[in-house]
Amino acid sequence: MLLSSLVAQASPLSESQLTQLQGLLSQLNPIQQAWVSGYLAANAQLAGQLPAGSSAAVVAPAASLTILYGSQTGNARHVAADIGNAASAQVYQVKVQDLAEYKNAHLKNERFLVIVTSTYGEGEPPENAISFYNFLFSKKAPQLAELHYAVLGLGDTSYEFFCKTAQDFDERLAALGAKALLSRADLDVDYAADAKKWQEALLKTLVPHFQQANTSSAAAPAPSVSSAAGQSYSKQQPFAAELYTNQKITGRDSTKDVRHIELSLAGSGLTYLPGDALGVYFNNDPALVRELLLLTGIASDTPVTLDEQQLSISQALTEHLELTQSYPAFVSRYATAIGHAELQTLAADKVALRQYLAERQIIDIVRDYPGTLSAQQLTDALRKQQPRLYSIASSQAEVEDEVHLTVGVVRYDAHGFPHLGGASGFLAERLAEGESIKVFVEQNNNFRLPENDDTPIIMIGPGTGIAPFRAFLQERDARGASGKNWLFFGNPHFTQDFLYQVELQNYLKQGVLTQLDVAFSRDTAEKVYVQHKLLQHGAAVWQWLEQGAHLYICGDGARMAKDVHHALLTIIQQHGSKDEKAAQQYLDQLRIAKRYQKDVY
Amino acid sequence: MSQYPIKPEFVAEGKLSDNERLKAESDHLRGTITADLQNEITGGFTGDNFMLIRFHGMYQQDDRDIRAERAAQKLEPLHNVMLRARMPGGIITPTQWLAIDKFATDKTLYGSIRLTTRQTFQFHGVLKPHVKPMHQFLSSIGIDSIATAGDVNRNVLCTSNPVESELHQQAYQWAVQISEHLLPKTRAYAEIWLDEEKVETTETEPVLGEHYLPRKFKTTVVIPPHNDVDLHANDLNFVAIAEQGKLIGFNVLVGGGLAMTFGDTATYPRQAEELGFIGLEHVLKVAEHVVTVQRDYGDRVNRKTAKTKYTIDRIGLDNFRAEVEQRVGVSFAPVKPYQFTTRGDRFGWVEGIDGQHHLTLFIENGRILDFPNKPLKTGLAKIAQIHQGDFRMTANQNLIVAGVPASQKAQIEQLARDHGLIDDNHSEQRKNSMACVSFPTCPLAMAEAERYLPELVTKVEGLLTKHQLSDDHIVLRVTGCPNGCGRAMLAEVGLVGRAPGKYNLYLGGNRIGTRIPKLLLDNVAEAEILDTLDQLIGRWSQERQSGECFGDFVIRVGVVAEVKVSKTDFHA
């Protein structure tokens with residue numbers, strides 16, 4: 001029902017009051033109207049003139065839009081926030097929330113729900129979505145006949161289980177009786193443009209529903225979407241941070257090249273908390289660009305159009321396009337452009353294609369299947385570069401306007417050529433000290449120190465997974481936090497790969513680190529990893545957990561985090577005298593209580 | 001503490017040095033070494049253990065070439081351990097040799113066996129996880145490293161003289177017995193490294209004392225006329241006296257030592273002095289009581305003046321002798337005549353009086369490693385596989401393949417030649433030059449020694465050739481610090497490291513090692529050293545008397561004054 005069609009018979013107002021109101025309404029835009037509506041409702045309640053619940057038309061809960069995100073790297077969070085901002089301009093009440101913070105019991109009351117989610121590892125939900133996911137697929141999940149929903153999946157087509165979690169949510173919500181507002185979209189790594197299109201389509205279908213649903217109900221005038229950090233620099237508008245230090249921190253005989261990177265955030269106003277990540281944009285290797293152009297027969301100064309801007313192909317390749325991570329879409333577009341039948345066949349065979357792409361960068365594909373195509377075709381075949389995220393290895397309490405990273409340089413020989421990672425190669429080899437790199441801060445509220453400084457923490461961070469724990473230790477040291485700190489670290493060799501060894505030794509001496517246990521897998525006949533060290537200290541780990549310790553895992557998600565998880569289950573079973581199910585529940589409870597947090601990749 | 005009445009006037013007064021506290025609190029050299037072996041956070045030893053492992057024959061070292069690099073990498077220094085084996089007289093069997101050869105390859109950072117001036121071998125670069133297995137491995141082949149470093153009597157040297165085999169055998173047996181008699185009695189080594197049971201007894205150290213010695217203590221058994229052990233570098237020396245090829249007793253000399261501290265004129269290198277002659281029946285008691293007198297009267301306040309040589313200069317040789325005589329219960333007879341004529345090793349084959357053959361190999365710097373085109377280590381392993389006698393490490397860092405039957409001579413020589421162990425191009429100069437280990441492993445090193453010596457020798461060879469002396473040589477020694485391992489303070493030309501590329505130049509030692517050289521140039525670079533040597537070798541060539549060695553020449557013509565009494569002359 002629209003206010004303009006109100007008639008005196010249907011309202012408690014007199015004719016003259018109604019005329020006055022309609023006169024005022026004609027001058028108000030929808031947002032002003034909504035505000036007035038809410039204002040008057042609140043005013044009436046405050047005045048005590050209206051018994052609560054006496055009129056459904058006035059005090060019925062406003063139809064609201066809930067946007068939930070399941071995010072591993074922050075992309076889904078960004079998209080969710082964008083949708084929230086756009087929606088708040090057109091509909092009345094918008095709530096954007098981390099799935100980890102969402103109260104599952106609220107689901108049955110939702111009327112309009114949008115879920116933006118990534119997928120993690122082998123088709124599993126991202127860490128922060130696990131609890132909701134399990135709830136949704138459990139018997140406790142309510143019937144959702146009243147719910148309108150939309151699901152947006154973010155993923156990477158080079159993974160086998162592309163957007164699996166989004167599919168799961170979509171199918172399960174439908175099975176529970178919910179109605180799709182529009183069909184799900186599964187977006188690849190270069191999702192930005194498609195996400196915007198999906199968002200526009202979503203709002204188009206949403207607005208009429210809201211106009212109906214909120215016809216006479218009160219709504220909060222101010223959208224509850226909070227801006228991420230209130231900073232002017234962002235992912236869209238990154239800050240050019242000067243490189244202060246690029247220091248290799250593995251020994252000369254190490255098989256790994258790990259860099260300690262220090263960047264300046266001076267003048268940016270950017271702030272971060274321990275646990276946050278830094279997004280970085282990078283330039284591709286000019287040698288790689290030259291070879292690509294040579295193989296495809298394109299002159300380096302050929303103009304191309306990218307995002308409605310004209311620039312040279314070499315600039316597009318160097319600064320804007322993705323060259324080091326390969327992806328299926330490129331293969332099919334490239335195969336079509338060069339008219340290569342064999343490659344087209346490969347592009348059509350998803351399993352074979354995935355295997356083929358496993359260790360190949362874009363250049364490897366072009367080396368394998370050289371062909372000529374136009375500069376614009378090449379540009380269109382490639383996707384835009386996605387920033388890389390690195391867990392921040394410093395605390396501003398110690399380093400102030402610097403930000404430190406622990407970067408494992410991706411470097412390997414394959415298919416007869418040396419390969420270098422895009423961002424890690426740029427940071428380690430092509431960016432000179434004093435030059436700048438574009439960065440932004442990516443919040444990670446799912447990896448935070450306990451609020452209480454007395455709470456003990458157990459940190460498990462082998463390899464570059466140590467990065468956020470260096471930040472944690474700096475922070476706890478600076479705060480004089482009295483909580484105990486226990487770090488598990490591992491890497492191949494003690495003499496070569498003990499990242500931040502001297503700093504950690506000092507933290508031990510000062511008592512900031514209560515305990516440090518290390519696993520150097522290649523120093524002994526039998527490989528020892530962090531999970532073995534955890535098991536070795538199982539009784540103490542259990543004791544710490546019972547004392548309220550928070551658990552953190554950072555690093556390799558494919559194997560390490562799983563092995564550690566299993567070790568923890570074993571410890572809880574053994575030392576907590578629980579069966580497997582109870583141990584699982586114990587860990588679930590820790591996760592729900594935010595005492596078991598992961599930052600894995 | 002001593003079982004003998006102490007004369008207070010002979011005791012250095014003052015606050016005991018921290019090393020004395022450390023030894024006293026060490027629970028007979030145990031410290032917390034076992035806990036350190038469990039510590040996975042550092043590759044080093046912590047606190048007092050850093051010093052205590054020395055008493056077990058090890059030094060904590062690190063690769064100094066990459067110390068700064070690793071600091072920037074936020075990595076601790078590449079801590080490792082150098083092990084010095086206890087091999088009295090330097091005799092090692094082929095079986096043992098093959099075993100240490102393999103260990104060096106498999107478990108050390110540098111993959112080498114280092115023969116040293118203490119007539120033994122060293123492993124360089126053993127990482128902490130390999131340390132305990134190393135001792136167990138050594139024990140399994142009958143070798144230990146007890147007391148080869150630290151404030152104890154260290155590895156006992158014995159002249160490597162395979163020719164007079166019977167005399168050498170007798171002298172060698174005394175070296176072994178003295179070594180064992182003076183060993184610490186603590187079971188710390190057996191418990192910590194060999195996992196032997198802790199025996200519930202009240203441990204005492206009747207010889208070394210509960211706080212061990214004030215400073216390191218070195219002993220030799222020397223068979224004239226060869227002074228290959230450089231007796232004047234040692235605290236206690238037994239000079240073998242034989243009649244008709246049979247050992248009858250020893251002249252005892254005490255108070256030698258080469259270490260000094262730059263800038264401290266209270267410290268100086270010093271020759272040993274004669275106590276007198278004793279018969280064989282008193283050898284162990286005399287050894288014991290030279291040690292107990294030094295134990296009771298050595299300076300425990302200032303470690304720089306703690307060695308026997310300073311004790312003797314402080315209390316007087318006669319008083320020192322009287323104390324020893326009183327404790328042994330015997331008087332020294334006047335020394336029997338003896339004479340030294342050589343100090344270097346006799347390279348090549350010699351036939352012993354027992355008809356066995358002995359091949360002395362020149363090992364440059366004592367470093368046994370497979371060098372490019374010179375696979376010394378492989379060559380020695382191949383010799384060890386067929387050799388039926390034994391090997392003898394010399395105090396000049398060389399190696400003797402001893403006890404070869406005539407039938408095997410040719411085969412062994414061929415192996416030696418094939419692997420660069422015999423090189424006819426090595427000049428007399430090269431064979432009479434020596435350096436300590438120094439960089440990159442020695443923590444005390446101030447300048448290069450081992451790695452610098454080969455090129456320095458080449459340059460000195462050039463000077464000798466220039467002055468028509470290419471068949472002659474000068475005893476040339478380079479040592480990386482003033483601590484004395486390279487025995488530069490008994491060389492005709494001695495270089496002692498001051499800073500990278502800078503050395504003190506000492507001249508005036510003699511061929512047989514009975515005279516301390518004297519400082520000519522302070523803290524100078526190679527160019528100045530070579531210029532000086534060029535001039536002096538030129539003069540030597542022109543002005544030398546018949547057979548006059550370089551060290552004698554520079555004193556005769558007054559380039560440097562002779563050091564007769566170190567305490568007064570060395571810094572004069």
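Note that the structure is predicted; figures quoted are calculated from it, not measured. Every chain is numbered from 1, with letters handed out A, B, ... down the list of sequences. All values below come from the heavy atoms of this structure, side chains included, with hydrogens, waters and symmetry mates left out.
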Rounded distance (nearest 0.5 Å) linking atom [atom1] of [X] with atom [atom2] of [Y]:
X: B:Leu78; Y: A:Gln496; atom1: CG; atom2: CD; value: 7.0 Å
X: A:Thr495; Y: B:Leu109; atom1: OG1; atom2: CG; value: 7.5 Å
X: A:Leu504; Y: B:Glu76; atom1: CG; atom2: CD; value: 11.5 Å

How about [X] and [Y]: do any of their side-chain heavy atoms sit closer than 4.5 Å?
X: A:Val518; Y: B:Ile41; answer: yes
X: A:Val502; Y: B:Leu75; answer: no
X: A:Glu503; Y: B:Lys74; answer: yes

>> Which one wins on heavy-atom pair count under 4.5 Å against chain B: A:Phe520, A:Phe498, A:Phe494?
In response: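 Going by pairs under 4.5 Å, I would pick A:Phe494.
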
When you look at [atom1] of [X], are more than 12 heavy atoms from neighbouring residues, nucleotides or ligands closer to it than 6.0 Å?
X: A:Arg559; atom1: CZ; answer: no
X: B:Asn373; atom1: CG; answer: no
X: B:Glu197; atom1: CD; answer: no

> Passes salt bridge (charged side-chain N to carboxylate O under 4.0 Å, His left out), A:Lys248 versus B:Glu69? Steps please.
Replying inline: CA-CA 10 Å; A:Lys248 184 169 182 279; B:Glu69 173 186 308; over 6 Å; no

> Any donor and acceptor pair, going by atom type alone, linking the side chain of A:Arg252 with main-chain N or O of B:Arg70 inside 3.5 Å?
Replying inline: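 Side chain of A:Arg252 to backbone of B:Arg70, a donor-acceptor pair under 3.5 Å: no, none is there.
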
> So what's closer than 4.5 Å to chain B heavy atoms on A:Thr524: side chain, backbone, both or neither?
Replying inline: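 No part of it gets close to chain B.
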
> Just checking, any donor-acceptor pair under 3.5 angstrom between side chains of B:Gln73 and A:Gln247?
Replying inline: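 There is no such pair (donor and acceptor under 3.5 Å, judged by atom type) between the side chains of B:Gln73 and A:Gln247.
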
>> Applying a heavy-atom distance below 4.5 Å, give me the residues of residues 437-451 of chain B that approach chain A, sorted by number.
In response: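 So far as heavy atoms go, nothing in residues 437-451 of chain B approaches chain A to under 4.5 Å.
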
